[in-house]
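Structure record follows, encoded as structure tokens.
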Amino acid sequence: MKTLSRFVTKFTSLIVAVLSCFDRVIFKGYLPITNGPCFEGFVDHVLKIPRRDFMAFAEEQSEIVVDHAKRLAQEAGAEYYFLQGSHRKDKLVDQILRARPICEGLICVLCCMECCPSFKLRYGKGRPSLVNARRQQRVLYFYFKDPQLGLIHIRLTTWFPFTVQVYVNGHSWLAQQMLKQRLGFDQRDNAFTAWDDPQATQNLADSFVDQNWCKILDRLVRWVNPLMNQRWFRSFSYYWVVDQAEFATDVIFTSRKALAGLYPRLLDHAAVNFSAKDILTFLGRRFHPRFDGEVLTSCQKDRWPGARIKHRMKNNWLKMYDKFGLVLRIETVINNPREFRVRRLRTRADRREMAWCPMNKGVCNLYRYHEVALAANERYLEALSVVDDPAPAYRQVEKLTEPVVKAGRSYAGFNPASGPDIKLFQIVLDGNHLLRGFRNADIREALYGTTDDCKEGRRQSAAVGRLLKRLHVRGLIKKVPRSRRWLLSYHGQRVLGAVVQLYHYGIPAALGAAA
């Protein structure tokens with residue numbers, strides 16, 4: 001992976017391998033009867049029963065679904081539990097697996113009372129109507145080990161419209177594929193700590209998006225929902241969406257000691273230096289004054305191992321945490337895909353053409369989830385590649401203060417304790433400039449604001465030009481060929497990042513300790 005090479009190359013002596021893979025993926029299936037008018041048409045023209053009789057009919061179908069679940073559990077020798085109140089279902093399943101380890105088949109069925117979207121009968125003038133309403137109902141959870149998917153569970157509501165949810169873990173799925181390919185690996189929970197063939201493993205992980213998920217999910221739902229064999233159900237099919245997707249990039253270290261020495265510095269750097277604009281850039285977004293939403297960062301360092309940092313943009317997240325003190329995981333979580341774009345056919349001015357459009361949750365866009373999340377993880381690691389033992393970068397700060405002579409001309413140094421110089425460094429380090437670079441006008445506006453005075457504008461432009469030249473002769477920025485744009489160099493990223501961290505983090509901490 002080209003974009004990972006800088007981070008991996010720097011810490012190559014500490015790293016065993018890198019793997020990018022889907023983690024938790026939640027698929028959701030909807031029938032085309034989820035709104036009131038469509039559902040009334042279904043009752044009137046497909047079921048052909050009076051609306052006043054529908055509630056009794058629905059109760060009968062609910063009993064059929066629950067009885068089918070009990071029968072599946074009995075045939076598999078698994079337990080059927082009716083749970084009331086709040087329960088940690090995953091903990092209960094872990095206990096069952098420890099007591100009765102199985103390699104394949106149904107583990108248990110859990111039945112819970114939950115309030116879910118459904119319908120109710122409303123009386124008024126004329127015929128009764130069926131309207132959308134939340135209803136307390138039994139919800140079934142089927143936990144089992146599938147030979148193709150690994151450990152998964154299916155959530156099925158037992159009242160119309162029988163919405164279904166399928167939880168798949170990408171690491172569990174990958175483990176099943178490696179077993180089929182006879183590839184050796186070590187797995188702990190939902191992470192791999194070692195494997196025989198990294199390239200073959202990565203190729204298998206990448207093939208997750210190539211599976212015929214609609215066919216796989218239809219097979220699963222037919223197993224748990226007996227009503228799909230009914231005459232009145234056969235004309236329907238579920239529309240599958242990706243309700244949530246987590247994509248993880250795991251960097252496996254040689255030992256806990258190797259990661260423990262680096263991880264606190266990564267957390268500190270991310271917490272101090274990554275601004276809202278940086279987070280937007282990692283997620284492929286440009287900052288805009290009209291951006292409608294929040295970008296928040298929370299860092300929890302109260303437990304080791306297990307400390308983590310989480311960046312949230314609306315309902316999408318970027319996280320960094322460690323697994324077992326051995327695996328550094330960068331994870332992108334997509335709950336709202338419309339914040340990203342996908343290229344597809346659209347009709348514009350009566351013409352069909354390819355265009356970039358907001359991405360919807362359709363399962364056909366799973367490949368784009370992969371592209372977006374992988375790019376976000378790579379950008380995040382790229383930004384972390386400047387972190388190292390801070391001493392070498394801090395030693396270069398001293399050189400930053402010294403004048404540089406080039407072509408017989410002397411260029412003054414910078415003052416790492418000066419507010420105006422630090423402001424310049426922060427503007428240059430702005431994540432919004434990471435992809436396209438910056439111009440003199442961008443720096444001028446950030447430093448001085450806008451002005452209508454042409455003479456003052458020229459003076460400010462000349463002053464910024466001199467500042468950029470001082471950065472350029474030190475190799476801190478580089479010119480974009482055939483343009484008026486500049487890019488921050490890798491050397492500049494390390495040195496200026498260290499200076500800003502000293503100014504805002506290192507120095508205040510030192511002063512606090514001295515006090």
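Because the structure is a prediction, the values reported are computed rather than measured.
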Using only atom types and a distance under 3.5 Å, with no angle test, would you say the side chain of [X] pairs donor to acceptor with the backbone of [Y]?
X	Y	value
E104	K145	no
R256	F324	yes
Q202	S20	yes
S489	G475	yes
Q211	S207	yes
N335	N315	yes
D23	G170	no
N440	S461	yes

- [ ] Applying ring pair (Phe, Tyr, Trp, His ring centres under 6.0 Å), name anything that partners Y238, two or more places apart in sequence or on another chain.
- [x]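 Y238: ring pair (Phe, Tyr, Trp, His ring centres under 6.0 Å) contacts with W240.
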TODO: Please identify each residue that fulfils ring pair (Phe, Tyr, Trp, His ring centres under 6.0 Å) with W213, with sequence neighbours left out.
DONE: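 Listed in chain order: F27, F208.
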Task: Full working for salt bridge (Lys or Arg N to Asp or Glu O under 4.0 Å) between D94 and K91 - done: CA-CA 5 Å; D94 287 342; K91 298 291 185 183; 5.5 Å; no
- [ ] For residues 355-367, pull every pair meeting side chain to side chain donor-acceptor pair (under 3.5 Å), keeping only residues two or more places apart or in separate chains.
- [x]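 Sorted pair list: D243-K361, N360-N365.
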Crowding at [atom1], [X] (>12 non-hydrogen neighbours, <6.0 Å):
X	atom1	result
R484	CZ	no
K257	NZ	no
K455	NZ	no

Closest non-hydrogen atom pair, [X] against [Y]:
X	Y	value
R6	S385	CD-OG, 3.3 Å
A205	C21	CB-CB, 4.2 Å
Q187	A175	OE1-CB, 3.4 Å
V251	I15	CG1-CD1, 3.6 Å
G362	Y239	CA-OH, 3.6 Å
L266	L384	O-CD2, 4.0 Å

Task: From CA spacing to verdict: ring pair (Phe, Tyr, Trp, His ring centres under 6.0 Å), Y380, F274 - done: CA-CA 10 Å; Y380 198 88; F274 290 168; 5.3 Å; yes
TODO: Could you list all the ring pair (Phe, Tyr, Trp, His ring centres under 6.0 Å) pairs where at least one residue sits in residues 439-463, not counting sequence neighbours?
DONE: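 Passing the test, one end in residues 439-463: no pairs.
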TODO: Sorted by first residue and then second, give each ring pair (Phe, Tyr, Trp, His ring centres under 6.0 Å) pair with at least one member in residues 454-483; sequence neighbours left out.
DONE: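 Checked against ring pair (Phe, Tyr, Trp, His ring centres under 6.0 Å) - neighbours excluded - the pairs reaching residues 454-483 are H472-W486.
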Salt bridge present between [X] and [Y] (N-O < 4.0 angstrom):
X	Y	answer
R265	D268	no
R88	D90	yes
E382	R379	no

Quick check for you: to the nearest 0.5 Å, what is the distance between [X] atom [atom1] and [Y] atom [atom2]?
X	Y	atom1	atom2	result
T201	D196	OG1	CG	8.0 Å
W195	D186	CH2	CG	10.0 Å
F22	L374	CZ	CG	9.5 Å
R344	R341	CZ	CZ	10.5 Å
R285	M313	CZ	CE	5.0 Å

Open item on the list: Contact between Q244 and K28 at the side-chain level, heavy atoms closer than 4.5 Å - yes or no?
Closed with: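 A side-chain contact is absent here, since even the closest heavy-atom pair is not under 4.5 Å.
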TODO: Compare all side-chain heavy atoms of I279 with those of F282 and state whether any distance is below 4.5 angstrom.
DONE: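 A side-chain contact under 4.5 Å exists here.
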Task: salt bridge (charged side-chain N to carboxylate O under 4.0 Å, His left out) partners of residues 406-421, not counting sequence neighbours, each pair once - done: none
Task: Mutual orientation of the aromatic rings belonging to F185 and F192 [parallel < 30°, tilted 30-60°, perpendicular > 60°] - done: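 Answer is perpendicular, since the angle exceeds 60°.
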- [ ] Check step by step if side chain to side chain contact (heavy atoms under 4.5 Å, CB included) holds for F438 and D430.
- [x] CA-CA 10 Å; F438 54 87; D430 192 326; over 6 Å; no
So, using salt bridge (charged side-chain N to carboxylate O under 4.0 Å, His left out) as the criterion, who are the partners of [X] when residues are at least two apart?
X	result
D250	R329
R482	none
R351	E353

- [ ] Could you go through the side chain to side chain contact (heavy atoms under 4.5 Å, CB included) check for L400 and L476 one step at a time?
- [x] CA-CA 10 Å; L400 196 64; L476 303 172; 3.6 Å; yes
- [ ] Report yes or no: do Q300 and Y321 form a side-chain donor-acceptor pair below 3.5 Å?
- [x]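 Per modelled atom types, Q300 and Y321 side chains form no pair under 3.5 Å.
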Open item on the list: Any donor-acceptor pair under 3.5 Å linking the side-chain atoms of R155 with those of T163?
Closed with: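 Per modelled atom types, T163 and R155 side chains form no pair under 3.5 Å.
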- [ ] I would like to know whether V168 and I216 meet side chain to side chain contact (heavy atoms under 4.5 Å, CB included); could you show each step before the answer?
- [x] CA-CA 11 Å; V168 177; I216 294 170; over 6 Å; no
Open item on the list: Exactly one of T297, I309, N377, V333 should register a side chain to side chain contact (heavy atoms under 4.5 Å, CB included) with L318. Which one does?
Closed with: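 The passing option is N377.
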Task: Qualifying residue for side chain to side chain contact (heavy atoms under 4.5 Å, CB included) with N169, from N190, V25, I152, L174 - done: N190
- [ ] Begin with the C-alpha distance, continue with both residues' side-chain angles, and end with the deciding distance and a verdict on salt bridge (Lys or Arg N to Asp or Glu O under 4.0 Å) for E371 and R368.
- [x] CA-CA 5 Å; E371 293 175 350; R368 183 62 180 155; 3.0 Å; yes
Can you name the residues that form a side chain to side chain contact (heavy atoms under 4.5 Å, CB included) with [X], not counting sequence neighbours?
X	answer
N212	C214, K215
A412	R470
R182	none

- [ ] Answer yes or no on whether K89 is positioned over the face of Y141, meaning its NZ or CZ is under 6.0 Å from the six-membered ring centre and within 45° of the axis.
- [x] yes
